[in-house]
Structure formats: structure tokens, C-alpha cells
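As a basis for the values below, the full set of heavy atoms in this structure was taken, side chains included, without hydrogen atoms, waters or symmetry mates.
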Amino acid sequence: MSETVLVVAAHPDDETLGCGGTLLRHAAAGDTLHWLIVTAMTSPAFNAERIVRRNDEIEQVASAYGFAGIHQLGFATTRLDTIPDADMVAAMSAVFATVKPGVVYLPFRGDVHSDHRKTFATAYSCTKSFRHPYVRRVLMMEALSESEFAPALPGETFVPNVYRDISTELERKIDILRMYQGEVAAAPFPRSVEIVRAQATFRGAVAGCMAAEAFMLLKDVA
């Protein structure tokens, strides 16, 4: 039976870093994919050329995954901590009501970037059963350059309990990540091809496969 999947990304590239291989597997299984992008590049922080290039990247990435819908909230990047929670919840809830996802992927709540933490908190509010009862499965994903820098404190570190074998999807995931100009750099920068591959290899070793993505399961209604 096919699923409707919603990945919630604070920024474009979070979806690929966190669950790119898993999204490709969902697509191959015939699931319907939706992409909720919370922030946008806005002027004067970014010049017009960079904004146009980012919009082109979003279109390329959406085509690569076969997203049925791109839902852009347009809040200013790096400024989510200035937005009232109620405004963000209302905007996200409208997307949930339209998409009616069964499976939702969220940023890790302990990510160092404040945009990620705010995105998790407000999106998680939308998974309440009395608000959106069709949400049956909720997972947090890890994003290189954010999740691994969470403080080493109880309850704050990323401790996965779900793994998805992406052995056959890893190279395509990396190809899609490369579509984001300026987001990928040479190792040891976390968002590098070498580190993405190393992370997938390590997660795969834990799961008993050649490459994997790891998640923390928050809800699973059978």
C-alpha cells in the first residue's frame, strides 16, 4: 500500500542530508512525496542572483526526487527564532491539512542551528492525533553539520533506533546533494561528499548493510 510522505526541511539540503536515500526508496516504492521548506533566502541578506540560483536548485532537486508538491513557507532563513510559534504552527498545519501525510520526517530537535530546533518544535505540534489523525509515523533525521554538534548531554544527542538501507541509493543521493552550489565543500567540512559517504558507511555498519540513513522514531501507529 502506497504512503504519502512529508519531509520538513528548515532549509533546502536538509532533506537530502537527512533522508535523501530514504526518499529515493519511497519514490521507488510508489509513495507520494511532498517537501515542506520552512525558510527562504531573502534580500538584502542575499543578492538577487543567489536567490534565483537557489530557486533553480530547488526545482532541480524536486525533479530528482519526483516530489508531488513543494510547499514553501518563505520565512527568513536564520531568523525563525523571531517568528511567533503560533504563526509557524498555523502555516505548517495548513500544509499538513492539504497533504495529509502518513509518514513525516523532521529535523532532530537537538540540532545546533536554531532554525532546525524551531522547525522541529512547531512541526511536531502538527503531528498531534486530534489535529492531523492521518499522521501515523514520525521520525527525526540527522543532518551533517548540525546534528553531530548537539551537546553531549542526556536527551540532547542523536541516538538512532531506525535504520534504512540506502546501499543502492547512496550515489544518487550524493549526486542530488551536489546540485546545491555552495553547500558542499572539501573534507573535513561536514557537508562534503567524503563525509556523507563515511556517515552512510558507518550507519550501514551498525545496521548490517553497506550504507544506511539513521533516524529516531517518535511515533508509529500500526
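The distance from the CG atom of Asp175 to the OG1 atom of Thr16 is 11.0 Å, given to the nearest 0.5 Å. To the nearest 0.5 Å, atoms CG (Asn55) and CD (Gln72) are separated by 6.5 Å. Separating the CD1 atom in Ile176 from the CG atom in Leu17 is a distance of 11.5 Å, to the nearest 0.5 Å. Note that the CG atom of Asn161 and the CG atom of Leu218 stand 8.5 Å from one another [nearest 0.5 Å]. For the atom pair Phe67 CZ and His34 NE2, the distance stands at 10.0 Å (nearest 0.5 Å). Note that the CZ atom of Phe158 and the CE atom of Met141 stand 10.0 Å from one another [nearest 0.5 Å].
Ser167 and Ala211 make their closest contact through OG-N, 3.2 Å (heavy atoms, listed as atom of the first residue, atom of the second, distance). The nearest pair of heavy atoms linking Ser192 to Ala186 is CB-C, 3.8 Å. Listed here is the closest heavy atom pair of Phe75 and Leu80: CB-CD2, 3.5 Å. Nearest approach of Pro190 to Phe149, heavy atoms of both residues: CG-CE1, 4.2 Å. Heavy-atom minimum distance, Arg191 versus Ser145: NH1-OG, 2.7 Å. Between Leu6 and Pro101 the shortest heavy-atom distance is CB-CB, 3.7 Å.
Formation of a donor-acceptor pair under 3.5 Å by the Lys173 side chain with backbone atoms of Cys19 is not found in this model. Counting only distance, with no hydrogens or angles, the side chain of Arg164 and the backbone of Phe215 share no donor-acceptor pair below 3.5 Å. Not one N or O on the side chain of Asp220 forms a donor-acceptor pair closer than 3.5 Å with the backbone of Arg137. Side chain of Asp14 to main chain of His11: a donor-acceptor pair is present (N/O by atom type, distance under 3.5 Å, no hydrogens or angles). Side-chain atoms of Ser125 come within 3.5 Å of backbone N or O of Ala121 as a donor-acceptor pair. Judged by distance alone, the side chain of Arg117 and the main-chain N or O of Gly110 form no donor-acceptor pair under 3.5 Å. At distances below 3.5 Å, at least one donor-acceptor pair connects side-chain atoms of Glu213 with backbone N or O atoms of Gly21. The backbone N or O of Ala207 lies less than 3.5 Å from no partner atom in the side chain of Tyr163, so there is not a single donor-acceptor pair. A donor-acceptor contact shorter than 3.5 Å is absent between the side chain of Thr77 and the backbone of Met41. Under the 3.5 Å distance criterion, the side-chain polar atoms of Glu146 are matched with a main-chain donor or acceptor of His113.
Taken together through direct or relayed side-chain contacts under 4.5 Å among Ile, Leu, Val, Met, Phe, Trp and Tyr, Leu73 and Phe96 form part of one hydrophobic cluster. The hydrophobic cluster containing Met179 does not contain Ile51, counting ILVMFWY residues as joined when their side-chain heavy atoms lie under 4.5 angstrom apart, directly or transitively. Using a 4.5 Å cut-off between side-chain heavy atoms of Ile, Leu, Val, Met, Phe, Trp and Tyr, with links allowed through other members, Leu33 and Ile166 fall into the same hydrophobic cluster. Both Val61 and Ile70 sit in one connected hydrophobic cluster of ILVMFWY residues. Membership requires side-chain heavy atoms under 4.5 Å apart, directly or through other members. The cluster map of Ile, Leu, Val, Met, Phe, Trp and Tyr, joined by side-chain heavy atoms under 4.5 Å apart, puts Val99 and Tyr124 in the same cluster.
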* To do: Might you work through the side-chain contact (heavy atoms from CB on, under 4.5 Å) test for Asp85 and Lys118, ending with a clear yes or no?
  => CA-CA 8 Å; Asp85 285 1; Lys118 184 67 170 279; 2.5 Å; yes

**OP:** Kindly determine whether Arg197 and Ile174 satisfy side-chain contact (heavy atoms from CB on, under 4.5 Å), including the steps that lead there.
**Re:** CA-CA 8 Å; Arg197 192 174 282 121; Ile174 290 171; 3.5 Å; yes

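Under the 4.5 Å side-chain criterion, counting only non-hydrogen atoms from C-beta, Val38 is not in contact with Asp115. In this structure the side chain of Glu148 never reaches within 4.5 angstrom of the side chain of Gln199, judged on heavy atoms. Contact of the Thr119 side chain with the His116 side chain is not registered, since no non-hydrogen atoms from C-beta on lie closer than 4.5 Å. Glu142 is not listed as a side-chain neighbour of Met216, based on a closest heavy-atom distance of 4.5 Å or more. Side-chain contact check for Val95 versus Val8: every heavy-atom pair is 4.5 Å or farther apart. Side-chain contact between Leu106 and Val138 is present, with heavy atoms from C-beta onward closer than 4.5 Å. The shortest distance between side-chain heavy atoms of Arg131 and Val89 falls below 4.5 Å. Side-chain atoms of Lys219 and Val104, non-hydrogen and from C-beta on, never get closer than 4.5 Å to each other.
Counted within 6.0 Å of OH on Tyr134, heavy atoms from surrounding residues, nucleotides or ligands total more than 12; the atom is thus considered enclosed. No more than 12 heavy-atom neighbours from other residues, nucleotides or ligands sit within 6.0 angstrom of CZ on Arg109.
Checking Ser147 against Asp111 by side-chain atom types alone, a donor-acceptor pair falls below 3.5 Å.
Applying the salt bridge (Lys or Arg N to Asp or Glu O under 4.0 Å) test to every pair with at least one member in residues 56-81, sequence neighbours left out, gives these pairs: Arg50-Glu57, Arg54-Glu57.
Residues His26 and Tyr105 bring their aromatic ring centres within 6.0 Å.
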